[in-house]
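Read the numbers this way: they start at 1 and go in the same order the structure lists the ligands and their atoms. Residues take their numbers from the sequence shown, with the count starting at 1.
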Amino acid sequence: MAKDESIVTPYEVKGKLDYDKLIKEFGTEKINDALLKRIQKHTKELHFMLRRGVFFSHRDMNWLLNEFEKGNKFFLYTGRGPSGGTHIGHLMPWIFTKWLQDKFGVELWFQFTDDEKFMYKEDLTLERANKYARENALDVIALGFDPKKTHFLIDSENAGTMYPIAIKIAKKITFSTVKSAFGFTNEMNIGSIFYTAMQAVPAVLPSVLKGKNIPCLIPLGIDQDPHFRVARDVYEKLGFYKPAILHGKMMPGLKEGGKMSASDPNSTIYTTDTPKEVEEKIKKHAFSGGRGSLAEHRKYGGNPDIDVCFQWLQAFFEPDDKKLAKIYNDYKSGKLLTSELKDYTIKKINAFLKEHQAKREKAKKQLNKFIYKCC
Ligand code: TRP
């Protein structure tokens, strides 16, 4: 792979992420000021993830807002592949989704793909993936989604509802299409090849259940876009709307480059980590934009643009624009040291996790209410 090359599919994120290039490659549209203004007309304020370009690209948002303005309400759809514990990178799009639910007053369908992770992970049993789904679901509930407006689909449990739609979709997708979209080889198991059809289902399930077409908006990390790129034409062929999509950036891991990965505990902060664990991971592993020595840092300043703590504050933990700008400038000028930036970030993360973990405990009693019960 050449130095500036990258691969972005749901199953592999490799190389340097160039988001403008992805917009071109995937054929999506950049979120511009006109669209931000249009969203703001309905939401009054703009979430900092929109203001700061954490959500940076879209498909068909203008169509979705046209429909909304005509009184045709949409629903939200997003999901989680339960391959392990939830980390803070996973929470990012969900927090944004919760904001959308509140501002537009709409329903959310949330898919937990234990089937997908079982198919794709050599050593993962279906029982374990299903257990992770129920664990991950607690993190979703803890973010405060409205139980009256939020429905969880766990693929292996809600399969009876989903399967008739999945096979209609699957019949219209060829092996060669998924092969080129995901880089599949002939050695893949046939469950993996079929899986996109399952991920496509929730975008139209409410339309099927209500017997009329309802617009759908999917906030997701851009690595998930290929599933929907493959499914888009099929939706139309089956007489449904194509869903609109908002694409988010990938949350960087603690180490230099790459996205946060659940399979490398040292690059990851889990929602169940203790304050001590958070402190140790950040102090030991967080890639910093600081200089080699204190004297050099004071003299030349640090580089917030490559500093993981700064990236996390920007994308997640420091919603206050003024405070963020001050941290940026102070770090760049050398006034703020790496150790101080790390301490600040540790404090922010631990304050968030303390509250989150308390809500996560309470969520255990609520889980059943959220899971979709057929008929
Ligand atoms: N495949 C996703 C993952 O591995 C889970 C998922 C299912 C999803 N449906 C989705 C993600 C819709 C975003 C939007 O995490």
J.: With the threshold set at 4.0 Å, does a side-chain nitrogen-carboxylate oxygen contact exist between K283 and E279?
T.: yes
J.: If the plane angle is over 60° it's perpendicular, under 30° parallel, otherwise tilted; pick one for F194 and Y163.
T.: tilted
J.: Check this for me, if you would: do D102 and K98 make a salt bridge, where the nitrogen-to-carboxylate-oxygen distance has to be below 4.0 angstrom?
T.: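 Looking at K98 together with D102, the answer is yes, because their closest N to O distance falls below 4.0 Å.
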J.: Residues in salt bridge (Lys or Arg N to Asp or Glu O under 4.0 Å) with R291, at least two apart?
T.: none
J.: Name the residues in contact with ligand 1, where contact means a heavy atom under 4.0 Å away: which are they?
T.: Y77, T78, G79, R80, G81, Q111, T113, E116, K117, Y195, Q199, I218, L220, Q224, F228
J.: Report yes or no: is the cationic atom of R128 (NZ for Lys, CZ for Arg) under 6.0 Å from the centre of the six-membered ring of Y132, at an angle within 45° of the ring normal?
T.: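 Here R128 passes the 6.0 Å and 45° test against Y132.
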J.: Ring-plane angle category for F110 and W94, please: parallel below 30°, perpendicular beyond 60°, tilted otherwise.
T.: perpendicular
